[in-house]
**Student:** 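Take this structure, written in structure tokens, and hold onto it; I'll ask about it next.
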Amino acid sequence: MDPSVSKALFDRMALDRLTALADTDPSLVVEDFADPALAQVLARAEALLTGWGCPPLTAGVLDRMPRLRTVVHAAGSVKHHITDACWERGLTVASAAAANALPVAEYTLAAILFSGKGVLAAERAYRDTRARISSIDLIGAGGNYRRTVGVVGASRIGRRVIELLRPHDLRVLLYDPYVDEEEAARLGVRPVPLDTLAVTSDVVTIHAPELPRTRHLFDRERLSLLPDGATLINTARGSLVDTAALTDELVSGRLNAVLDVTEPEVLPASSPLYDLPNVLLTPHVAGSLGNELLRVAHAALDELERYGQGLPYADPVWSEALTRSA
């Protein structure tokens, strides 16, 4: 992993736990598997504890680690470094994606509730007028009582969002082609086609994976289905939304958006999304940050402990699942 990531993930308690679980040098953070100075260390490696910035584990890299049996990822998606060669060699893989999903879902819940209250418009109006604001005139038919929230994707994050929404008086719709009626009932949501979700939701929040078939899932046509005044929240990947089409909708004032990811990331300095009053734009901060990274580190260490005890992983990654997950 990147050394800066290691410093953020592992405090003294986590490092002490790591050295108790494994025969390792906690100061050794590998950035380049081709470094000749690492040859002997890699040749002895049985497990890799990886994080953001890990180089791809290609066949050539794995040749340098003949004893490698498992990879535990102290982050979310493993698609950046786990290659076909890993599966061909029978490596087991675990991820702390479930731990990293929690703050993203919390960010999303806040965005949903703030959207219903018209916080973006209220903040801008108050700042501009610096006088008493009529909340009735400002918010109008807004509010969070019996509003409809459309969740796109029953991923780890999507499911956590659904769970966090349960205490609120909201109607929750779900689009996920892999969730049937029975499972939707267990989740407490109503499954609907994506276009139906778009047409009937006051807030749409995206939690689908980045795949070829999900690119521009919300294209110009689907964005046009959203009701006037609806809010689109994207904490997944920028490629799931047609940026040009969304920009046109937002510039017109017809829609609102909370965007933690965009395509491209970062947007050009000339993008109007930075200044629009109906847009909240954040620099990919919904995932684990600050002390939330400690949760991710200990989730990964939990998996490493299971490996050492000969137990199955609590959150394994399977090759076949990566064709429809992040």
Side-chain angles (χ1 to χ4, degrees), residues 103-152 161 164-165 167-173 197-207 218 220 222-236 238 240-287 289-290 292:
V104 183
E106 292 165 354
Y107 175 108
T108 303
L109 174 66
I112 290 169
L113 297 179
F114 265 32
S115 297
K117 293 289 285 187
V119 167
L120 282 179
E123 184 275 336
R124 180 60 64 101
Y126 201 19
R127 176 152 50 93
D128 289 348
T129 62
R130 307 190 183 206
R132 185 174 298 280
I133 297 291
S134 169
S135 59
I136 295 176
D137 293 340
L138 185 67
I139 298 177
N144 285 311
Y145 180 58
R146 294 185 178 176
R147 303 283 273 182
T148 299
V149 177
V151 177
V152 180
V161 168
L164 292 177
L165 289 173
H168 304 279
D169 289 318
L170 296 165
R171 175 174 174 249
V172 182
L173 307 180
L197 180 146
V199 168
T200 55
S201 295
D202 300 298
V203 179
V204 172
T205 179
I206 303 174
H207 304 291
F218 279 82
R220 190 172 299 275
R222 187 157 285 132
L223 288 169
S224 72
L225 298 178
L226 296 177
D228 291 354
T231 298
L232 182 73
I233 300 170
N234 191 7
T235 59
L240 275 68
V241 179
D242 181 337
T243 300
L246 179 61
T247 299
D248 288 345
E249 290 279 16
L250 295 171
V251 168
S252 76
R254 196 181 77 79
L255 299 178
N256 308 297
V258 178
L259 305 173
D260 190 51
V261 290
T262 56
E263 186 186 49
E265 192 173 298
V266 176
L267 289 172
S270 59
S271 172
L273 300 189
Y274 289 110
D275 299 311
L276 288 175
N278 52 331
V279 178
L280 176 61
L281 192 63
T282 55
H284 208 149
V285 298
L289 293 176
E292 295 164 343

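Note that the structure is a prediction, hence the values are computed from the model and not measured. We count residues from 1, following the sequence as given. The figures that follow rest on heavy atoms only: side chains count, while hydrogens, waters and symmetry mates do not.
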**Student:** Looking at R127 and R124, would you say the former's side chain and the latter's main chain have a donor-acceptor pair under 3.5 Å?
**Tutor:**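 Not at all, since once roles are kept as given, no pair shorter than 3.5 Å links the two residues.
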**Student:** Any side-chain heavy-atom pair from T148 and L170 closer than 4.5 angstrom?
**Tutor:** no
**Student:** So do the side chains of L246 and T243 get within less than 4.5 Å of each other, counting heavy atoms only?
**Tutor:**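 No, too far: nothing below the 4.5 Å cut-off.
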**Student:** To check you understand the geometry: which heavy-atom pair defines the closest contact between T235 and A286, and what is its length?
**Tutor:**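 Here T235 and A286 meet closest at CG2-CB, 4.2 Å.
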**Student:** Less than 4.5 Å apart, any side-chain heavy atom of R147 and any of V203?
**Tutor:** no
**Student:** Once side chain to side chain contact (heavy atoms under 4.5 Å, CB included) is applied, do any residues pair with A110, and if so which ones, sequence neighbours excluded?
**Tutor:**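 Not a single residue meets the side chain to side chain contact (heavy atoms under 4.5 Å, CB included) criterion with A110.
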**Student:** Is the shortest heavy-atom distance from the side chain of L259 to the side chain of L280 under 4.5 Å?
**Tutor:** no
**Student:** Of all heavy-atom pairs between P227 and A198, which one has the smallest distance, and what is that distance?
**Tutor:**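 What the structure gives for the nearest pair is CD-O, 3.3 Å.
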**Student:** Write out all pairs satisfying salt bridge (Lys or Arg N to Asp or Glu O under 4.0 Å) with one or both partners inside residues 240-252, taking only residues at least two apart or from two chains.
**Tutor:** R220-D248, E249-R254
**Student:** Is H168 close to N144 at the side-chain level, that is, under 4.5 Å between some pair of heavy atoms?
**Tutor:**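 Of all side-chain heavy-atom pairs linking H168 with N144, none is under 4.5 Å.
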**Student:** For D260 and N234, indicate whether the former's side chain and the latter's backbone hold a donor-acceptor pair under 3.5 Å.
**Tutor:**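 Between the backbone of N234 and the side chain of D260 there is no qualifying donor-acceptor contact (under 3.5 Å).
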**Student:** If you count every heavy atom of other residues, nucleotides or ligands that lies below 6.0 Å from R132 atom CZ, does the total exceed 12?
**Tutor:**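 Open: at most 12 neighbouring heavy atoms sit under 6.0 Å from CZ of R132.
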**Student:** Is the closest side-chain heavy-atom distance between V285 and Y107 below 4.5 Å?
**Tutor:**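 Side-chain contact under 4.5 Å: yes.
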**Student:** Which atom pairs, one a donor and one an acceptor, fall under 3.5 Å between side chains of residues 271-278 and the rest of the protein, sequence neighbours left out?
**Tutor:**
| residue | atom | partner | partner atom | Å |
| --- | --- | --- | --- | --- |
| S271 | OG | L273 | N | 3.2 |
| Y274 | OH | L267 | O | 2.8 |
| N278 | ND2 | L250 | O | 3.0 |
| N278 | ND2 | L255 | O | 2.7 |

**Student:** For A236 and I206, work out which heavy atoms get closest and say how close.
**Tutor:** CB-O, 3.6 Å
**Student:** Among side-chain atoms of T282 and H284, is any donor-acceptor pair under 3.5 angstrom?
**Tutor:**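 On atom types as modelled, these side chains do not qualify, holding no pair under 3.5 Å.
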